[in-house]
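Numbers restart at 1 for each chain; the letters A, B, ... are given by sequence-line order, proteins then strands.
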2 protein chains.
Amino acid sequence: MPRPSLKDQRSEEILDAYLTCVARFGLEGATQERIAAEAGVKRPLLRHYLGNRDQMVAALNAHVVETFNELTDTLAVALAGALNADDMVELLFTEDAVNDPRLLLAWQGLSVSSGENPEMRADLLDSLEQFLKVLSDTLHRIVPAAAPAKTRAVAQGISSCFVTLDSLSPLSPPAEWRRELKQAALLLARTLEVPA
Amino acid sequence: MPRPSLKDQRSEEILDAYLTCVARFGLEGATQERIAAEAGVKRPLLRHYLGNRDQMVAALNAHVVETFNELTDTLAVALAGALNADDMVELLFTEDAVNDPRLLLAWQGLSVSSGENPEMRADLLDSLEQFLKVLSDTLHRIVPAAAPAKTRAVAQGISSCFVTLDSLSPLSPPAEWRRELKQAALLLARTLEVPA
DNA sequence: ACCATTATTGTCAAAAGTGACAATTAATGG
DNA sequence: CCATTAATTGTCACTTTTGACAATAATGGT
C-alpha cells in the first residue's frame with residue numbers, strides 16, 4: 001500500500017557523498033550544503049534520511065567503520081592465498097577496492113574529532129585493530145617461526161605504510177612515493193623470513 | 001616614540017593556540033572563538049595580528065611548515081652523531097621536541113584542505129620531502145653500500161611509522177603501539193645493514 | 001604634560017550553517 | 001479511483017561564525 005521506501009539506497013548515496021566531502025574538506029568542513037550538492041539532492045533530504053548533524057556524524061562513523069571492516073574481511077580472504085611476504089604485500093598494495101583514499105581520509109577526519117565521543121573512538125580503534133590482526137595473523141601463518149612480538153611490529157609497520165599512502169593523497173605526491181612505500185612494506189615483511 | 005610592538009610575540013602565541021585548535025578540531029573546526037579562548041585573548045585581536053580567515057590559514061601554514069623544517073634541521077644535527085641504525089631510530093623516537101603531536105596533526109589538517117591552494121600544498125610537500133631527505137642521507141652515511149633506491153624506501157617506511165604515531169594520538173591508542181611502531185622502524189633500518 | 005603609535009576591547013552587520021515544520025508530489029495496494 | 005505512506009521540496013527562525021569599524025587604554029619619547 002505505501003510508497004516503496006528508498007531509505008536504504010538514498011542513505012547509501014548520501015553517506016557516500018558525505019564521505020567524499022569529509023575526505024576533501026575535513027569533518028567540520030563537510031557542511032550540509034556541500035553534501036547535498038555532492039549527492040545531487042536538496043538539503044532537507046539529509047535530515048529526512050540521516051537526522052540532525054550529530055546523528056549524521058554517528059551514521060558516517062558507523063558507515064566508515066563498517067566499510068573498513070568489510071574491507072578487512074575481504075582482505076583476509078584474499079590474503080589466505082598468500083604464500084610468502086611478497087604475495088602479501090602485492091595483494092595489499094594492488095587491491096583496487098582498498099585504493100579509495102576517501103575511506104582512510106574520512107577515518108582520520110573522524111578520529112581527530114572523536115575526543116568528545118568515546119563510542120566513536122572505540123569503534124575506530126577497533127576497526128584498525130582488526131586490520132592489524134589480519135596482517136599479523138597472515139604473517140604468522142606465513143612465517144610461524146617468527147616471534148609474536150616481532151610479527152606484530154612488522155604488521156604495524158606495514159599498516160603504517162599502507163595508511164600513509166592514502167593520507168598523503170590530498171597532496172598528490174610524486175608517483176615514486178607509492179612504490180617506495182610499497183617496497184618499505186616488502187622489506188619489512190621479509191625481515192620475518194630471514195631470521196638473524 | 002611609539003608604543004612597543006608585541007606583534008611577534010602575540011602572533012606566536014596566537015599561532016600556537018591556533019595550532020592546538022586545529023590539532024583538536026580540524027582546520028575548519030578551529031573557529032576564531034576557540035582560538036581566542038585558547039590563546040586567552042579577545043577575538044578581534046586575531047584579526048589585528050593575523051588578518052582575516054584566509055590570511056590566518058596562510059599564516060598557520062607558514063608557521064607549521066617553518067616549525068617542521070626547523071625540527072628537521074635539529075634532527076639532522078642530532079642524527080649526525082648516529083653510528084648505526086639503532087642509534088638513528090632511538091634518536092627519532094625519543095626526541096622530545098618531535099613528540100608534540102599537534103604539529104603533525106595540524107600538518108595533516110592543512111594538507112587535506114590544500115587542494116584549493118597550490119602554494120600551501122607545495123610547501124607542505126617540500127617540508128616532508130626535506131624530512132625524508134634527512135632520513136635518507138643519514139641512512140646513506142651509515143650504510144653507504146646500500147642501493148640508493150633501497151635506502152630511500154627505508155626512509156619512507158621509517159617516516160611513515162613516525163608520522164603514524166602522531167596521527168593516531170587522538171585515539172589514544174594502547175601504549176604498545178608506540179613500541180611496535182618504533183620496532184618496525186628499527187627492523188626496517190636494519191635491513192640496510194644486512195644486505196642479502 | 002603632550003603626542004604618536006600600538007594594543008586592546010566593544011559592537012554591529014553580514015554571511016553561513018542548522019533545525020524544524022508545512023506543503024506538495026508520487027507511488028502502491030485495495 | 002481512493003487512501004495511505006513515503007519521497008521531495010519550500011521556507012522560516014535560530015545560532016554560529018566572520019568581517020569590519022570605532023573607541024578606549026597603554027606605552028615610550030619629547
Can you list everything that forms a side-chain contact (heavy atoms from CB on, under 4.5 Å) with A:S114? Sequence neighbours excluded, please. A:M120, A:R121, A:L124, B:L171

Nucleotide by nucleotide, nucleotides 9-22 of chain C touches protein heavy atoms under 4.0 Å in the pattern (B base, S sugar-phosphate only, - none) BB------SBBB--

Using residues 76-87 of chain A as the side-chain source, report each donor-acceptor pair under 3.5 Å to any protein atom, sequence neighbours left out, with the distance given to one decimal.
| from | atom 1 | to | atom 2 | distance (Å) |
| --- | --- | --- | --- | --- |
| A:N84 | OD1 | A:D86 | N | 3.2 |
| A:N84 | OD1 | A:D87 | N | 2.8 |
| A:D86 | OD1 | A:R190 | NE | 3.2 |
| A:D86 | OD2 | A:R190 | NH2 | 2.8 |
| A:D87 | OD2 | A:L83 | N | 3.1 |

Roughly how many Å is it from CG in B:D8 to C1' in C:dA7, rounded to a whole number? 14 Å

Measure from CD on B:Q55 to P on D:dT18 and round the result to the nearest Å. 14 Å

For A:V112, the rest of its hydrophobic cluster, which grows through side-chain links under 4.5 angstrom: B:L105

Can you sort out the partners of A:D73 under salt bridge (charged side-chain N to carboxylate O under 4.0 Å, His left out), two or more places apart, ordered by chain and number? none

Compare side-chain N and O positions of A:Y49 against OP1 and OP2 of D:dT8 and report whether any pair is under 4.0 Å apart. yes

Residues that B:D137 engages under salt bridge (charged side-chain N to carboxylate O under 4.0 Å, His left out), provided they are two or more places apart: B:K133

